[in-house]
Each structure stands twice: as structure tokens, then as C-alpha cells.
J.: 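Before anything else, here's the structure in question.
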Amino acid sequence: MAVRLELHVAGRIEDYALIGDMQTAALVCRDGTVDWLCLPRFDSHAIFAGLLGTEEHGFWRLGPAHASDAEPPTAARRSYRGDSLILESEWDTPRGTVRVTDFMPPRDGAPQLIRIVEGVSGRVPMRSALRMRFSYGRVVPWVHKHEGRTVAVAGPDSVWFDTTAETYGKSLTTYADFTVAPGDRIAFTISWEPSHKQPPALPEPEQSLQATEDFWREWVEQCTYHGPYREAVIRSLITLKALTYAPTGGIVAAPTTSLPEDIGGVRNWDYRYTWLRDAAITLSSLLRTGYREEARAWREWLLRAVAGDPENLQIMYGIAGERELGEAELDWLPGYENSAPVRVGNGAAHQLQLDVYGEVTEALHLGHMTGLARNDYASLLQLKLIRYLEDHWDEPDEGIWEVRGPRRHFVHSKVMAWVAVDRTIKLIESGDADGPLEKWRELRDDIHRDVCEKGYDKERNTFTQSYGSKELDASLLLIPQMGFLPPDDKRVIGTIEAIQRELSTPDGFILRYPTSGDNEGVDGLPGDEGAFLACSFWMADDLAMIGRVDEARKLFEKLLALRNDLGLLAEEWDPHLKRQVGNFPQAFSHVPLIDTALRLTASGAYGG
């Protein structure tokens, strides 16, 4: 039978599953195609970049064989095996049913992606088509045999392909055609190794599968949350763990680059780095659900990353603490659904965002409050950050959303500066640090007064995006959550209601701030974007805090319904296209999901 696999095009963002080994991650489409994988780290060059281009830029499809004039069939069913990151996809074909199990074992040696094909019923013709393209699809490697193994080599990289199935090369692609019957299990593995080193050890797929399942079972058992939203919370926690770079404790915002916030537009960014903000809120969620080891590792990462220069805190670093994240455009990639440019690196790394001082200090404070072992350097760092804020809190900045327009006095930034000072005062009051207590109490009061005088619109009874602005901003929803004002303050309630009126989509989800379509707006960029999922969770949190718990629960459950069939969320939801947009999966979406679930559980606001 003639077969063809190259008709595959990238799926919708929500069509993808995540697998990973806590050092890198792959995205697997519903039709069994791996369209994205960077090796050996999250921020390494991709060997499969079809997600941002075409099949010419690298992919690996494994699924039922099909006619040459048809697109690859999609799996009838897929799910994670229990509470793990092991993906199981099943196809029902006229000839029978087949299952493919995809996973990346927690690393002990070379990074591996393992795919096991299992016959369920009948006799199903299968095909593997592996097209490796190094350097984000730009480089065709030299593929040859070495002692019976297939290896692809280009520059510093080598990828080894192992299987018991017979393989052959055609059109710069490695194929395997085979048939599986009930009980048959045929494994395929790719392993990465520096090209100058000896070949990686032969894989042991079945043993690796068991070890991977054991790892995730033992990790999930540590979770202290047992409320009504446990399924959603556990899947989000597993996703956050998968986004943690195990060797250093750094946490990436997402494992992808340039998945667009606006399909066909230019709002395409590289999220494979550690934002202090994202990592700090991730740490908070992990601590609240019982995961202290991850919190300790992140704190150690933070101390290494900012060592020697805490006053010049960057908003993001590389996953090992690298400071230089120069931004570049990959002009040979057309982008996801022609959303160009494709960017690697991130030019926002050196922006001034005063809010990160608050997020980092809040994370350190929570670690202290939940019994994380004392670290004197962490306390010293906190004091140094406040000394910096003493002189700089009243400056304009680029704000939480990394605007590429002019700096402003963003209200959220000032609120988070207040948080940094407030939490440090609490640290001193606890006796675990020394500092000028009265001076910093006055500073805390000064910041609070400044925000309430200059960032509040009395006529509309709402805080505004920045001083002197009439625009709203969903980050203002964090005002009661951070304790800046109590939830029953009329200014808080007025702000929540104003954001509901002016920043809600018809579905009731929340935009970050107004965008201006074809013209450049506050963020300095053309085009629109979808509803920002984190902001929508923040709204649910706030509604619960002000006593509108039924409304909060309904919004939360509408948000849960936006997850894909595997429980994963991107950064945003496009209310017009009714689909997920932005990098995927996104830590900044899964963290507030956890936080809102905890709040609703504590309030008893859940159905059933």
C-alpha cells in the first residue's frame, strides 16, 4: 500500500500533548507527530521545528499507515497514564486498534524520547517517519549507520535512533514500516549526545517506562491538596514540575518560542527562560501544595543567578542563571500559521520591571513562613533589594507586561514595590534579619499613599493602569491578593467591577489591558491578543474574596473547560477563534489555576 506522511501540518495549539524529562520537553500532536523538541535543554536549538514551519523543518510521526492522498489519522483517544507525564494515544483503524506510548524518562545519562507501539486488536500497518533537522530546521544532518545504530550528526550534536524495526532512508527521512498484532510491543528511541563523545548507551525502553511511572507516582504522592479540584491541580502541578530544569532549579515560563498571541501577528516571543515573576509565583504554588524541595532548589538558583549584582536584578535569566539572552529572528521559519517573526532569545531581559522585586520577596517570605530552612544569604539578598527600591521605587518602568512602548508609572509595579517592603518589614519583625525598621515603615507608607493618590480615579472609583491614565489593567486585580488593601475596601470592589465592565470578553474572560488593533498601543505593538488566562483566574480569586463565591466558582469552572483534553493551557484564549493562543503549556496559566482552586476549596465554593 502506498503511504505518505508528509501531509502533516502543525495542529492547533490545544492539539498538543507535553512530555518531558525536567530538562527539556517535546510536543506531540494528535496524529502522533512530534513537532517540537529542543535538545539537550529547553533553550537549545530544536531538532524538530515543524511547529513553527513545515515538515521540512523536522518532525517525527509514528502512527497507522495511510493512503498517499490522505492526511495522517488522528488518535481516537489519548490520555496521560494516571498522574504522570506518560502519554498514551490509541487509533481505531479498519484493521484493528493500536496504542502508542510516548515519554521522556527523568534523565540519567543521555536525554531520550521513547515511543512504544503496542498492538491492541487486529493487525495494524504502522509507519515511523523521522526527519531530523538541526538548528531549528536549518541544518540537514549527516545520517549514517554506526555499529547497527542510526546516527544523525551535525556540528556539536548527534542524535541516535534505536529500534528493532527495520529502517530505511528516503527523501532525507528515516522510515520504518511494520505491522503490529495483539501483544506486540515495538520501541523507538532517540538519544542526544555531543557529537565528539562516545555513543550513548543502548536504551532500555521497558525499564525506562517503569522508572518513569514510578518517578511520577512518588512525586505526586507528596501533594497535600485533596480538595474537589484535585484532578486539575495535580495536572497543573505535574506541568509545572515538567517546566523545572532539574540540574539548577530554574523554571521556564513555557517550553516553546513564538507561538503567537495573535494568530498571523507579530506578538511572538521566546518563553524558554526563567522569568523571576513566573518562577516566584510557581514556587508559591508548589509550597502551598507541599513541594518544599522544588522551592529550596529555586531559592538556590535565585541566589546564584543574582550573585554579585543584586541591585541590577534582571527580570529573566537563562535556566542556569545566564544573563545574556540576546534576541534574534529566524527568517527561514515562516512561523506558526504564518505568525512571523520567529524569535529566539528575549530582548525584554534588561527591561526595568519594579514588580519583580515584590514577587521575589513574596516568594522568599512564603518560603520563610512555611518552614523552608533558613538561608542567611537569602535574607541578605532581600535586604539589598529593598535598599535598591528605596532609591528607585518612584521611577517609571516597563511593567509586568513588558511593554515595548515608553516607560510609565504602572500602578501594579508600585503595589509590588510596597509588597517587597512590607514582607521585608515582617522578616525583620520576626527577628530573622536586621534592618532600619522605622525607616522602611515610613517607606511602606509613602508608597501606599503615592499609589492611592496618583493611581486611583475617584470619579470612576477604580485604580488605573498607570499614574494619570484612564486605562484599566488586569494586574490591578492583585491589589487585594497581595494585601495592599482589604477585599471589602470600596476602591477594590470598584476596580474589580470596572475591570469586569471594560476588560471582559463576551465569554466573561479577562483581557490584560486594551489593545488597539492596527495601531500601536500602550505596549508599543500592533495587533490584538486574546483573553489572558492568568488574569481570568485572578478575577475568580477576587470575586471569591469579596464574597461573590458562586460567581467565582462559575468563572473558574468555565476556565477549566478551556483546558485541552489533557488538562493543558496556553497563555491566552482567543474569544473570536475559540482556541488557545500563545506559548504552551504556560506556567503563568497553571499557577493561578492552582491558587484559585485552593481559595475556592477553602471557601467551600465548589459544586457537587
Side-chain angles (χ1 to χ4, degrees), residues 248-251 274-288 290-317 321 352-395 397 412-451 478-479 481-485:
T248 66
I251 303 168
T274 299
W275 269 254
L276 293 188
R277 175 188 308 111
D278 295 39
I281 65 170
T282 299
L283 168 69
S284 297
S285 291
L286 289 166
L287 277 169
R288 289 187 177 102
Y291 290 98
R292 293 191 181 185
E293 178 56 32
E294 285 74 13
R296 184 202 61 76
W298 178 82
R299 186 176 67 181
E300 296 303 314
W301 173 89
L302 172 69
L303 298 178
R304 292 191 301 270
V306 304
D309 198 18
E311 291 81 9
N312 293 318
L313 199 68
Q314 291 188 189
I315 67 164
M316 73 181 87
Y317 297 83
L352 175 63
Q353 295 178 21
L354 293 171
D355 66 291
V356 300
Y357 291 83
E359 279 111 12
V360 168
T361 303
E362 170 73 350
L364 293 173
H365 173 72
L366 184 61
H368 176 73
M369 295 297 293
T370 54
L372 205 61
R374 176 173 173 170
N375 183 302
D376 289 337
Y377 183 55
S379 300
L380 179 62
L381 169 64
Q382 195 167 331
L383 297 174
K384 286 191 173 185
L385 296 182
I386 302 310
R387 292 192 179 100
Y388 175 86
L389 280 178
E390 277 187 292
D391 298 325
H392 299 279
W393 72 267
D394 57 353
E395 296 178 4
D397 71 342
H412 173 262
S413 296
K414 309 297 186 190
V415 169
M416 295 309 296
W418 177 92
V419 169
V421 179
D422 177 72
R423 303 314 190 254
T424 305
I425 289 170
K426 288 179 167 58
L427 179 70
I428 297 169
E429 289 174 340
S430 73
D432 287 326
D434 293 318
L437 198 54
E438 289 306 316
K439 179 182 180 183
W440 284 350
R441 284 173 175 160
E442 291 180 11
L443 175 62
R444 179 176 62 181
D445 292 344
D446 289 344
I447 298 172
H448 199 279
R449 187 181 310 109
D450 196 69
V451 171
L478 294 173
I479 286 174
Q481 296 179 36
M482 292 294 104
F484 183 82
L485 286 172

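These numbers were taken from a predicted model, which means no experiment stands behind them.
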J.: Would you say the side chain of His448 lies within less than 4.5 Å of the side chain of Asp445, judging by non-hydrogen atoms?
T.: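 They are not in side-chain contact.
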
J.: Is any side-chain heavy atom of Leu276 closer than 4.5 Å to one of Tyr317?
T.: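 Of all side-chain heavy-atom pairs linking Leu276 with Tyr317, at least one is under 4.5 Å.
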
J.: Could you go step by step and tell me if Leu286 and Trp298 meet the side-chain contact (heavy atoms from CB on, under 4.5 Å) rule?
T.: CA-CA 11 Å; Leu286 289 166; Trp298 178 82; over 6 Å; no

J.: Which atom names give the shortest non-hydrogen contact between Ile281 and Asp278, and what distance separates them?
T.: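 That would be CG1-O, 3.2 Å.
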
J.: Are the side chains of Glu359 and Glu362 in touch, meaning some heavy atoms are under 4.5 Å apart?
T.: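 No, every pair of side-chain atoms sits at 4.5 Å or beyond.
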
J.: State the OG-CD1 distance between Ser413 and Ile447, to the nearest 0.5 angstrom.
T.: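 The OG atom of Ser413 sits 11.5 Å away from the CD1 atom of Ile447.
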
J.: Any side-chain heavy-atom pair from Leu385 and Leu313 closer than 4.5 angstrom?
T.: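 Yes. Closest side-chain heavy atoms under 4.5 Å.
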
J.: Search all heavy atoms of Val451 against all heavy atoms of Val415 and return the closest pair with its distance.
T.: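 Scanning both residues completely, I find the closest heavy atoms to be CG1-CG2, 4.2 Å.
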
J.: Is there a salt bridge (Lys or Arg N to Asp or Glu O under 4.0 Å) between Arg296 and Glu293? Walk through the geometry before answering.
T.: CA-CA 5 Å; Arg296 184 202 61 76; Glu293 178 56 32; 2.6 Å; yes

J.: Taking all atoms of both residues into account, what is the closest heavy-atom pair of His368 and Ser430, and its distance?
T.: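 For His368 and Ser430, the tightest heavy-atom pair comes out as NE2-OG, 3.7 Å.
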
J.: For Met316, does its backbone N or O pair with a side-chain atom of Gln314 as donor and acceptor, under 3.5 Å?
T.: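 Yes, Gln314 side chain to Met316 backbone: donor-acceptor pair under 3.5 Å.
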
J.: Does a side-chain heavy-atom distance below 4.5 Å link Leu383 with Thr424?
T.: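 The answer is yes; the side chains approach within 4.5 Å.
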
J.: Within the 4.5 Å heavy-atom criterion, are Lys384 and Val306 side-chain neighbours or not?
T.: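 Of all side-chain heavy-atom pairs linking Val306 with Lys384, none is under 4.5 Å.
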
J.: What's the verdict on side-chain contact (heavy atoms from CB on, under 4.5 Å) for Lys439 and Glu390, showing C-alpha distance, side-chain angles and the deciding distance?
T.: CA-CA 10 Å; Lys439 179 182 180 183; Glu390 277 187 292; 2.7 Å; yes

J.: Applying side chain to side chain contact (heavy atoms under 4.5 Å, CB included) between Arg441 and each of Ile425, Val421, Asp446, report the one that passes.
T.: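 Among Ile425, Val421, Asp446, the one that satisfies the side chain to side chain contact (heavy atoms under 4.5 Å, CB included) with Arg441 is Ile425.
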
J.: Find the distance between CD (Glu438) and CD1 (Ile428) and round it off to the nearest 0.5 Å.
T.: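 So the CD of Glu438 and the CD1 of Ile428 are separated by 10.5 Å.
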
J.: Scan Leu302, Asn375, Leu427 and name whichever one has a side chain to side chain contact (heavy atoms under 4.5 Å, CB included) with Leu364.
T.: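 Exactly one pass, corresponding to Leu302.
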
J.: At their closest point, which heavy atom of Asp397 faces which heavy atom of Leu352, and how far apart are they?
T.: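 Residues Asp397 and Leu352, closest heavy atoms: CB-O, 3.1 Å.
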
J.: Mind checking whether Phe484 and Trp418 have parallel, tilted or perpendicular rings, split at 30° and 60°?
T.: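 Phe484 and Trp418: perpendicular rings.
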
J.: From Glu429 CD over to Leu437 CG, what is the distance, rounded to the nearest 0.5 angstrom?
T.: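 Answer rounded to 0.5 Å: 5.5 Å.
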
J.: Please find the pair of heavy atoms, one from Leu372 and one from Arg292, that lie closest to each other, and give the distance.
T.: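 Distance-wise, the nearest heavy atoms are CD1-O, 3.7 Å.
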
J.: When rounded to the nearest 0.5 angstrom, what distance separates CZ in Arg444 from CD1 in Ile386?
T.: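 Here the rounded value is 11.5 Å.
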
J.: A quick test of your reading: do over 12 heavy atoms of other residues, nucleotides or ligands sit less than 6.0 Å from CG of Asp391?
T.: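 Check passes, neighbour count above 12.
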
J.: After noting the C-alpha distance and the side-chain angles of Asp432 and Arg374, does the key distance pass the salt bridge (Lys or Arg N to Asp or Glu O under 4.0 Å) rule?
T.: CA-CA 9 Å; Asp432 287 326; Arg374 176 173 173 170; 3.4 Å; yes

J.: Distance from Thr248 atom OG1 to Glu300 atom CD, nearest 0.5 Å?
T.: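 Taking OG1 in Thr248 and CD in Glu300, the distance rounds to 11.5 Å.
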
J.: Looking at every heavy atom in both Trp393 and Leu354, which two are closest together, and how far apart are they?
T.: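 Between these two residues, the closest heavy atoms are O-CD1, 3.7 Å.
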
J.: Say whether, by atom type as modelled, one donor and one acceptor occur between the side chain of Thr274 and the main chain of Ile251 under 3.5 angstrom.
T.: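 Flag set: sc Thr274 to bb Ile251 pair under 3.5 Å.
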
J.: Start with the C-alpha gap between His365 and Asp422, add the side-chain angles, then the distance that decides, and say whether side-chain contact (heavy atoms from CB on, under 4.5 Å) holds.
T.: CA-CA 10 Å; His365 173 72; Asp422 177 72; over 6 Å; no

J.: Is any side-chain heavy atom of Arg277 closer than 4.5 Å to one of Gln353?
T.: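 Yes - at least one pair of side-chain heavy atoms lies under 4.5 Å apart.
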
